[in-house]
Structures are given as C-alpha cells and as structure tokens.
Amino acid sequence: MFAGKKDYSIGQCCVDVMNLDESILDEIDRRVRLFIPAARKLPTEKTDSAAALAQERLNAVWELIFALSVYRDLKMDKACCFHTFRRLMADREKWAQVRDPSSEGYAIYQGMMAGLACFADSIRTFRLQIMEMTRTYFEPLKRRTSDAYAQAYSRFYSDMLSIGAHIFNDEFEQSFPLEVDFVPMMHPTEEGRVFVAEKSTFNSLADFLRTEFYRGLALGNAPRQCHNCGRYFLLTAGYNTCYCNNVAPGELERTCRKVGAHRKEARGKQNRTPARKEYDRTYNRLKVRKQRGKISVDEWNAAVAEAQELLDRSERGELTDEELRRRFKEF
C-alpha cells in the first residue's frame with residue numbers, strides 16, 4: 001500500500017492506529033470542542049476576528065490529525081486547510097451558500113463540523129472492534145493463514161449479526177463508500193518501473209482502516225498484541241509469533257522477540273505442569289550449551305522462543321506430552 005511516496009505492508013497502518021496513545025484522541029476531542037462553537041458563529045458574525053478565531057482553532061485540530069498515520073504521508077493541501085475561512089469569506093458565492101440551509105455549500109460546511117465531532121470516536125470504535133476480533137477470535141488460532149483468518153472472521157461476523165439483532169436492534173455490516181480509479185504510477189522505490197495502481201478515495205480515516213484491515217486478512221496479514229510489551233505488531237504471510245521486534249521495555253537493544261520467551265519462562269516456574277517441567281529441562285540444557293559456547297546468543301534466543309511456542313501449543317492441547325518430549329529432544 002502506497003501513501004504518498006511511502007509504501008507499507010497491507011495492515012501496517014491499522015497497527016499504527018492500534019498503538020496510538022488514547023491521550024492523542026482525547027486531545028483531538030478537546031480541540032474539536034473548542035473549534036465547533038467558533039465555526040457555528042462565523043456565518044452570522046462574518047468578521048475578520050471571528051474568522052481568525054475559527055481558523056486558529058481549526059488549525060490546532062489539523063496539527064494533530066495531519067501527524068497521524070496515513071495523513072502524515074499524504075500530500076495534503078495544507079495551504080487550503082490552514083487558510084480555509086479566509087478563502088471562504090473572500091469568495092462571495094461560496095460564502096452565500098454556507099449561509100443558505102438549502103445549498104450544497106451549507107451541507108458541506110455542516111458536514112465538516114459533524115465529521116470532526118465524531119472523528120476520534122470513529123477511531124475508538126475501530127480499535128475496539130479490532131481488539132475484540134484479535135483477542136477473542138484470532139488469538140486461539142493454531143495457524144496464521146488467510147484461510148484460518150477467514151474461518152475466525154466468519155465466527156466473529158456471525159456473532160456480531162446475532163448481537164446486532166438481539167441487543168442493539170440493528171444490523172451489523174462492514175460496507176463503506178469507496179471510489180476507485182486505476183491509474184499508471186511510477187514506482188516510488190524502483191527507478192523507471194511503471195505499474196497499474198488502484199487509487200482509492202475514502203470518506204473517512206475509519207473507512208480506510210477497515211478496508212485495509214480486511215484486505216490484509218485476505219493476504220494473511222493481521223495485527224497481534226505482543227505478549228511481552230502489549231503493543232500491536234503485524235503478522236505477515238502466515239508467520240506465527242507472539243512477540244514483536246520492537247525494543248523490549250527496560251532494554252536498550254534487545255527486542256521483545258529475544259527477551260519475551262525468557263521472561264515468560266521465569267514467570268511460569270511457579271506452576272510447573274508436566275509440560276512445563278519438560279520445557280524447563282530443555283531451557284536449562286540450551287542455557288548450558290550457550291554458556292559453553294556451543295551455540296551463539298542469537299541461536300539461544302531463537303531456540304528458547306521456539307521452545308516457548310511448543311509449550312504454548314501443548315498447553316492449548318495441540319500437542320500431547322509425548323509429542324512435546326519428542327520435539328524437545330530435537331533441540
């Protein structure tokens with residue numbers, strides 16, 4: 001997926017929004033609440049000072065929104081956005097429409113305010129939906145493929161249809177207005193290469209995020225919450241791990257993928273099942289091999305992470321104790 005001149009794996013923008021600090025959405029709400037009264041007063045007051053106040057407060061909103069994932073990579077017409085009301089008041093025809101409730105200009109003006117008023121909540125709703133889907137329906141998956149995601153999504157979809165009908169008295173649907181153009185495009189990173197691109201136009205950021213999320217699922221890409229740091233990361237092309245590659249909390253260089261399995265191993269020693277005892281023996285055997293220089297630190301980290309995955313599968317009932325012992329003996 002290309003946003004401006006930057007390319008992303010399908011689904012990465014969803015991950016970025018899932019990791020967005022809630023305080024940013026709260027601040028967007030606060031600034032929008034300051035902007036809307038000023039914008040509503042402007043058509044009746046029509047003074048330079050009223051326009052300046054409305055623009056100042058709108059610009060404060062744009063500063064946060066344009067720094068978000070997707071927006072920060074697009075070529076936005078900032079000159080227009082940051083001088084909206086001065087330009088509007090200078091155009092008599094457009095200004096007359098803004099003041100006429102029966103005109104298209106009035107509808108656009110009111111729609112802008114309504115869109116900003118619900119902007120942060122639309123992102124919150126998207127995040128809650130993805131959080132529920134990934135935790136309840138994706139986390140138990142044995143495989144991380146497009147087919148496995150499709151099966152999980154069918155269960156989610158069926159449950160949401162039932163909830164919508166019986167609890168919310170409404171239908172659950174995942175359809176969004178979208179305009180698509182197919183255009184020739186120069187590849188941003190491969191000089192001289194031209195390809196046919198699908199240029200998509202959405203009515204809102206939330207519509208784009210949902211579309212990107214489902215397109216990612218169709219390819220086998222999906223967000224997952226790291227079992228160590230709690231942040232979301234993108235699993236791609238069927239790859240299955242529960243740890244991200246970001247620097248782990250409290251570490252300067254080591255990633256969650258390198259330290260997560262070790263920390264989980266330490267936390268689990270208090271409740272030692274037969275599978276856990278087999279894991280502990282394997283862990284200690286690997287540790288001795290690392291200390292004696294028979295395996296490198298990277299090999300040690302990779303082996304411990306793989307052993308932890310096998311233990312997790314055993315605890316989910318996917319491997320018998322005998323199968324687990326056999327797999328551990330192969331380390």
Side-chain angles (χ1 to χ4, degrees), residues 1 3-4 6 8-9 11-40 53-76 78 81-82 84 111-136 138-139 176 202-213 216 221-235 242-257 259-260 263:
M1 193 278 293
K6 191 168 183 179
Y8 292 92
S9 297
Q12 184 58 50
C13 292
C14 297
V15 168
D16 293 343
V17 169
M18 292 301 294
N19 288 328
L20 185 66
D21 196 302
E22 179 66 24
S23 64
I24 295 177
L25 296 178
D26 290 341
E27 181 61 16
I28 290 175
D29 272 338
R30 188 189 71 82
R31 296 187 186 189
V32 169
R33 286 195 297 269
L34 291 175
F35 161 69
I36 288 180
R40 284 178 176 161
L53 178 62
Q55 190 66 60
E56 177 185 342
R57 293 182 175 179
L58 178 59
N59 291 352
V61 176
W62 291 148
E63 286 171 1
L64 289 179
I65 290 179
F66 290 168
L68 298 178
S69 176
V70 184
Y71 284 108
R72 62 174 173 252
D73 298 312
L74 295 176
K75 188 177 180 181
M76 307 296 294
K78 293 186 178 181
C81 294
F82 286 97
T84 301
M112 175 191 67
M113 290 189 289
L116 288 175
C118 68
F119 178 87
D121 277 345
S122 70
I123 302 304
R124 292 187 182 100
T125 299
F126 167 79
R127 292 180 357 148
L128 286 172
Q129 179 177 319
I130 302 307
M131 185 184 301
E132 173 63 18
M133 201 185 308
T134 54
R135 285 182 180 178
T136 305
F138 292 177
E139 197 59 34
F176 329 104
F202 299 87
N203 287 344
S204 69
L205 177 61
D207 286 352
F208 161 75
L209 291 171
R210 288 190 177 91
T211 302
E212 195 208 31
F213 173 76
N221 296 356
R224 189 176 194 180
Q225 193 169 25
C226 177
H227 287 200
N228 187 56
C229 70
R231 290 176 63 80
Y232 284 85
F233 64 104
L234 187 67
L235 283 177
C242 56
Y243 300 108
C244 70
N245 260 329
N246 296 317
V247 176
E251 297 284 337
L252 296 177
E253 295 182 355
R254 294 196 301 168
T255 65
C256 287
R257 197 162 294 175
V259 306
R263 291 179 178 176

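Residue numbers count from 1 along this sequence. Just the heavy atoms: all of them, side chains too, but no hydrogens, waters or symmetry mates, feed the values below.
Not one N or O on the side chain of Q12 forms a donor-acceptor pair closer than 3.5 Å with the backbone of L234. Side chain of T136 to main chain of M133: no donor-acceptor pair is present (N/O by atom type, distance under 3.5 Å, no hydrogens or angles).
N59 and Q55 are linked by a side-chain donor-acceptor pair at a separation below 3.5 angstrom, with hydrogens and angles left out of the test.
R135 pairs by the side-chain hydrogen bond (donor to acceptor under 3.5 Å, both in side chains) definition with Q225, not counting sequence neighbours. The salt bridge (Lys or Arg N to Asp or Glu O under 4.0 Å) search around E139 returns R144, R224, not counting sequence neighbours. Legend: residues meeting ring-ring contact (aromatic ring centres under 6.0 Å, His included) with F138, ordered by chain and number and at least two apart, are Y149. E22 pairs by the side-chain hydrogen bond (donor to acceptor under 3.5 Å, both in side chains) definition with R124, R127, not counting sequence neighbours. Partners of Q129 by side-chain hydrogen bond (donor to acceptor under 3.5 Å, both in side chains), not counting sequence neighbours, listed by chain and number: Q174, Y214. In this view, R31 and E27 satisfy the side-chain hydrogen bond (donor to acceptor under 3.5 Å, both in side chains) rule, not counting sequence neighbours.
Here the side chains of N228 and C244 are not in contact, with every heavy-atom distance at 4.5 Å or above.
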**Verdict with supporting geometry, R257 and F233, side-chain contact (heavy atoms from CB on, under 4.5 Å)** = CA-CA 11 Å; R257 197 162 294 175; F233 64 104; 4.0 Å; yes
- I would like to know whether F176 and S204 meet side-chain contact (heavy atoms from CB on, under 4.5 Å); could you show each step before the answer? CA-CA 10 Å; F176 329 104; S204 69; over 6 Å; no
| Given T211 and F213, is the side-chain contact (heavy atoms from CB on, under 4.5 Å) satisfied, shown in steps? | CA-CA 5 Å; T211 302; F213 173 76; over 6 Å; no
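Relative ring orientation between Y71 and F66 is described as tilted, the plane-to-plane angle lying within the 30° to 60° band.
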